[in-house]
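All remarks here apply to the structure that follows.
In the text below, chain A, chain B and the rest are named by the order of the sequence lines, each starting its count at 1.
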There are 2 protein chains.
Amino acid sequence: MRVSDKHQKITQAAVKVFARKGFFNARISDIAKEAKVADGTIYLYFNNKYDILISLFEDEIGKIILKVKLLLENETDPLKMLEIYAIHHMSLLQDQKELVEVLQMELRQSNKFIKEYRNTKFIEYIDIVSDIVHKGQQTGHFRQEVMPGVVKRAFFGALDEMSRLWALSAKPKYTLEETARQITGIFLYGMVVRNS
Amino acid sequence: MRVSDKHQKITQAAVKVFARKGFFNARISDIAKEAKVADGTIYLYFNNKYDILISLFEDEIGKIILKVKLLLENETDPLKMLEIYAIHHMSLLQDQKELVEVLQMELRQSNKFIKEYRNTKFIEYIDIVSDIVHKGQQTGHFRQEVMPGVVKRAFFGALDEMSRLWALSAKPKYTLEETARQITGIFLYGMVVRNS
DNA sequence: ATTTATTATGAATAATGATTCATTTTTTGT
DNA sequence: ACAAAAAATGAATCATTATTCATAATAAAT
């Protein structure tokens with residue numbers, strides 16, 4: 001078995017256990033059992049419990065960034081790009097519900113050290129949105145007075161909160177696609193009726 | 001000293017300590033010291049550590065709901081109402097930064113029991129938004145195809161995520177009011193340029 | 001002033017679980 | 001097939017802390 005295999009097996013087990021119990025209630029022995037390794041083995045691949053969390057975050061957000069950048073590569077219309085981003089973000093939930101739950105938890109931990117450590121990857125992810133907005137302003141698609149730095153947060157926050165609802169509720173009212181489109185639609189066109 | 005005084009003293013101390021260290025890293029003795037009572041005294045007012053968190057959430061969200069409903073009472077324009085909600089939400093941060101941090105953490109805890117227990121109060125808070133949207137659709141101000149159930153989450157998520165940035169960063173780029181207006185503006189009018 | 005009831009204290013308990021490391025198992029090289 | 005190196009094991013350690021409860025302080029009642 002290659003080294004990376006066991007590393008990954010532990011990471012995946014940790015995602016499951018963290019999602020189920022939360023970071024602090026998760027025991028190392030739980031993760032070990034889930035990964036089918038001995039407790040001590042975990043310490044051959046990670047320095048400590050925090051390290052599992054951190055490395056999990058880095059790795060998984062990294063993958064997500066790669067994937068969404070790939071999807072956006074051949075699109076030039078900023079409106080469409082925003083929709084692609086939204087749909088991809090929401091569909092993470094379908095494929096990796098547990099991961100999403102863990103990332104949401106982590107992002108709100110109050111441990112300053114941990115928070116700052118992971119902020120860089122997270123910022124890279126939401127900066128994709130501000131880049132799109134900025135681009136859309138240059139091409140004249142988007143209003144100039146909109147602040148990309150606010151939009152990226154607001155857009156992410158909106159999607160993330162919908163994810164949270166989804167992860168929570170047994171039988172969601174809306175489909176993921178529908179939700180992504182609704183949110184994109186609101187951000188693009190607003191809610192107010194216009195007489196054109 | 002009235003009973004409620006000590007109860008409140010402990011609650012307020014808990015907010016500070018939870019914000020600083022997070023729920024799991026906060027020790028009962030930390031809270032006791034902060035509240036200037038003995039460790040054992042806490043157990044005369046709360047059943048256990050979780051109970052402090054739960055009762056804190058209930059009480060404080062309750063107050064927030066009361067306040068914002070009061071502010072909305074004399075306003076009938078749904079556009080203005082949304083802005084009032086946003087500004088009030090963001091300004092909580094100015095007055096009670098620590099509380100906001102704790103509520104954000106709590107809301108994402110993965111302990112199912114805790115989560116469900118507190119969901120009712122939270123839902124009451126965001127339902128204020130869906131009520132506004134619904135009302136705005138009836139008066140013809142808002143587009144019919146917008147789903148109030150999605151908007152309430154998206155709007156809250158957007159505001160909440162901006163709060164998080166604010167709580168995190170030492171010297172924020174934007175003022176709270178400005179941020180609240182930006183977000184309300186985007187939700188109302190969108191980002192796309194119109195040729196009217 | 002004295003008794004009774006209420007409230008507060010904080011040291012002791014007892015459970016928990018992250019981490020270590022001596023030992024065992026597996027892999028690699030010859 | 002054997003020795004050396006690498007990887008894995010899991011029981012024991014040891015620090016940590018929520019909670020309890022015998023005792024003390026304070027307040028209320030008579």
Where along nucleotides 16-23 of chain D does protein come under 4.0 Å, by heavy atom, of base (B) or sugar-phosphate alone (S), with - for untouched nucleotides?
-SSBB---
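The interatomic distance linking A:Lys36 (NZ) with D:dA7 (P) rounds to 23 Å, in whole Å. Remark: C1' of D:dA8 and CG of A:Asp5 are 15 Å apart, rounded to the nearest angstrom. The CD1 atom of A:Ile42 sits 9 Å away from the P atom of C:dA18 (whole-angstrom rounding). The CG atom of A:Leu44 sits 14 Å away from the C1' atom of C:dT26 (whole-angstrom rounding). One can place CD1 of B:Ile10 at 12 Å from C1' of C:dT7, the figure rounded to the nearest angstrom. One atom, CG of A:Asp51, and another, P of C:dA18, lie 15 Å apart when rounded to the nearest Å. The NZ-C1' distance, from B:Lys9 to C:dA8, rounds to 11 Å in whole Å. For the pair A:Ile31 CD1 and D:dG10 C1', the computed distance is 17 Å after rounding to whole Å.
Listed nucleotides: D:dG10, C:dT9, C:dA8. Nearest to the side chain of B:Tyr45: C:dA8.
Between A:Phe23 and B:Phe24, the distance from one ring center to the other does not fall under 6.0 angstrom.
Nearest heavy atoms, A:Lys121 versus A:Phe57: CB-CE2, 4.3 Å. The two atoms that bring A:Asp59 and A:His7 nearest to each other are OD2-CE1, 4.3 Å, heavy atoms only. Closest approach of A:Tyr189 and A:Arg194 over heavy atoms only: O-NH2, 3.9 Å.
Residue B:Lys6 has a polar side-chain atom (N or O) positioned under 4.0 Å from OP1 or OP2 of C:dA8.
Ion pairing between B:Glu34 and B:Lys9 fails under the 4.0 Å rule for side-chain N and carboxylate O. Using a cutoff of 4.0 Å between basic side-chain nitrogens and carboxylate oxygens, B:Glu60 and B:Lys63 are scored as salt-bridged.
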